[in-house]
Amino acid sequence: MNLIGKTSAEIAQLLQSTVDRDFRGHQIAGWIHQRAARTFEEMSNLPKALRETLAAEFSLAEPEILERVVSSDGSTKYLFAVEDRETFEGVSMPDGGKATLCLSAQTGCAVGCTFCVTGALGAGRNLSATEMVGQYRLMRRDLPDEVERVNLVFMGMGEPLLNTTHLGQALAVLFERVSPKRITISTAGIIPGIRWMAELPRRPKLALSLNAPDQKRRQEIMPITRRYPLDQLMATVRAFPLERGRRITFEYVLIRDFNDHISDAEAVARLTEGIPSKINVIPLNEDAEHFPELKQPSRDVVDSFARALRDAGRVVTVRWSKGADVAAACGQLKGLGSTQRSRQVQEHN
Ligand code: SAH
Ligand code: SF4
């Protein structure tokens, strides 16, 4: 059994009949989570025989890193593979003393937004808690020593709120290292998932990928809107409990001549009226292969759009994506894709 996706309390419980002394369970959990041990062998204050027993009965295996690509802007894209040879990606963005790690929750995405490469590749499978925690551990370990503060964003591959069982377990483990206020879950608008998050005793931050100002256009680019209509979605978001000082992030992918008009910015401002929020404008990352007809607006249009939102009193950040040169930017993550995936499987057999 792999222990890295278990909380310290669970580890202590699981090891009860294996360890020689009562305090050992917590000692071992400390090695696993606080000290990020990769093997039982390195747990130098345990008796050698115990280390051998643990190694025979339990595992600390992390995903394999198939590839690490460093972008000119300093971000690194990781391609991970897990036991069944499924692959997924994660992105690490160090910035002086802090860093943001972008994590995946699935190996593809069934939601099928028309502007997203992950969606174009279709459904993958849910990542387990062990796999999600594993990607965090690998990217965290690789960060420069000066990094003290780490933010986690579930904005990688897949829809985290379609994987709430494993996500909940992963969060319980991640909370041992990272405060909930430094973890953001980004969703395309899965209403039951947002309600699930609202009930969590320790709640990460919510980011909603809004992407269009009305039901009609949202449905065109995000088919999930048919299932979870915009009015119900906004009502659910309005009911989301916010700790003091927290805001909801609205992501808005800006697509040329589709949703980039000043009147669209005004509509977004109206939609978000009264919600403590931050609007993250993301100029579309183009992809000539999967959606050649969708373009990024000009810098001027992006600026005017952001200005119109600010004029309406909104807090706005424009996210010119990191890692675009290595396809690590928002919406560009694809693991190996299905063809390459099957090739990979053959190579490994
Ligand atoms: N499934 C979740 C999280 C992963 S997508 C969600 O949709 O929120 C993370 C973010 O990338 C979302 O805000 C999405 O709208 C954005 N995104 C997807 N494709 C993009 C693209 N081609 N260019 C810019 N942003 C994109
Ligand atoms: Fe899935 Fe998010 Fe991409 Fe939509 S934007 S297809 S929900 S990963």
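In this text, all values refer to a predicted model and were calculated from it rather than measured experimentally. Counting starts at 1 for both ligands and their atoms, in listed order.
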Determine, step by step, whether Asp264 and Arg217 satisfy the salt bridge (charged side-chain N to carboxylate O under 4.0 Å, His left out) criterion, reporting the C-alpha distance in whole Å, the side-chain angles of both residues, the deciding distance to 0.1 Å, and the verdict. CA-CA 11 Å; Asp264 299 328; Arg217 267 181 292 168; 2.9 Å; yes

For Gly158, counting its heavy atoms only, list the atoms of ligand 2 lying under 4.0 Å from any of them. 8 (S)

Distance below 2.8 Å from atom 4 (Fe) of ligand 2: protein N/O/S atoms: Cys113 SG

Can you sort out which atoms of ligand 1 are near [X], meaning under 4.0 Å from one of its heavy atoms?
{"X": "Gly156", "value": "4 (C)"}
{"X": "Thr187", "value": "6 (C), 8 (O)"}
{"X": "Leu284", "value": "21 (C), 22 (N), 23 (N)"}

Part of [X] with heavy atoms under 4.0 Å of ligand 1, whether side chain, backbone, both or neither:
{"X": "Ile282", "value": "side chain"}
{"X": "Val253", "value": "side chain"}
{"X": "Asn211", "value": "side chain"}
{"X": "Glu251", "value": "side chain"}

Tell me, which protein residue and heavy-atom name are nearest [atom], and how many Å apart are they?
{"atom": "atom 11 (O) of ligand 1", "answer": "Cys330 CB, 3.5 Å"}
{"atom": "atom 6 (C) of ligand 1", "answer": "Ser209 OG, 3.4 Å"}
{"atom": "atom 19 (N) of ligand 1", "answer": "Gly331 CA, 3.0 Å"}
{"atom": "atom 23 (N) of ligand 1", "answer": "Asn285 N, 2.9 Å"}
{"atom": "atom 9 (C) of ligand 1", "answer": "Met155 O, 3.5 Å"}
{"atom": "atom 3 (C) of ligand 1", "answer": "Ser186 O, 3.5 Å"}

Which of Val150, Leu101, Leu152 passes side-chain contact (heavy atoms from CB on, under 4.5 Å) with Ile183? It is Leu152

Can Gly119 be said to touch ligand 1, with heavy atoms closer than 4.0 Å? no

Consider ligand 1: state whether an atom of it lies below 4.0 angstrom from any non-hydrogen atom of Gly158. yes

Distance-only polar pair, side chains of [X] and [Y], donor-acceptor under 3.5 Å:
{"X": "Asn163", "Y": "Gln106", "value": "no"}
{"X": "Ser277", "Y": "Arg314", "value": "no"}
{"X": "Ser71", "Y": "Asp73", "value": "yes"}
{"X": "Gln215", "Y": "Arg218", "value": "no"}
{"X": "Asn280", "Y": "Thr317", "value": "yes"}

Can you name the ring pair (Phe, Tyr, Trp, His ring centres under 6.0 Å) partners of Phe80, sequence neighbours left out? Tyr78, Phe88

Polar side-chain atom of [X] near backbone of [Y] as donor-acceptor pair, under 3.5 Å:
{"X": "Arg68", "Y": "Lys77", "answer": "no"}
{"X": "Glu86", "Y": "Val82", "answer": "no"}
{"X": "Asn259", "Y": "Val253", "answer": "yes"}
{"X": "Asp142", "Y": "Met139", "answer": "no"}

Could Lys98 and Glu146 be called an ion pair, given the rule that one side-chain N must be under 4.0 Å from one carboxylate O? no

Return the option from Phe115, Tyr252, Phe250, Phe154 holding the heavy atom at the smallest distance from atom 22 (N) of ligand 1. Phe115

Measuring from atom OG1 of Thr164 to atom CE of Met197, what distance do you get when rounded to the nearest 0.5 angstrom? 11.5 Å

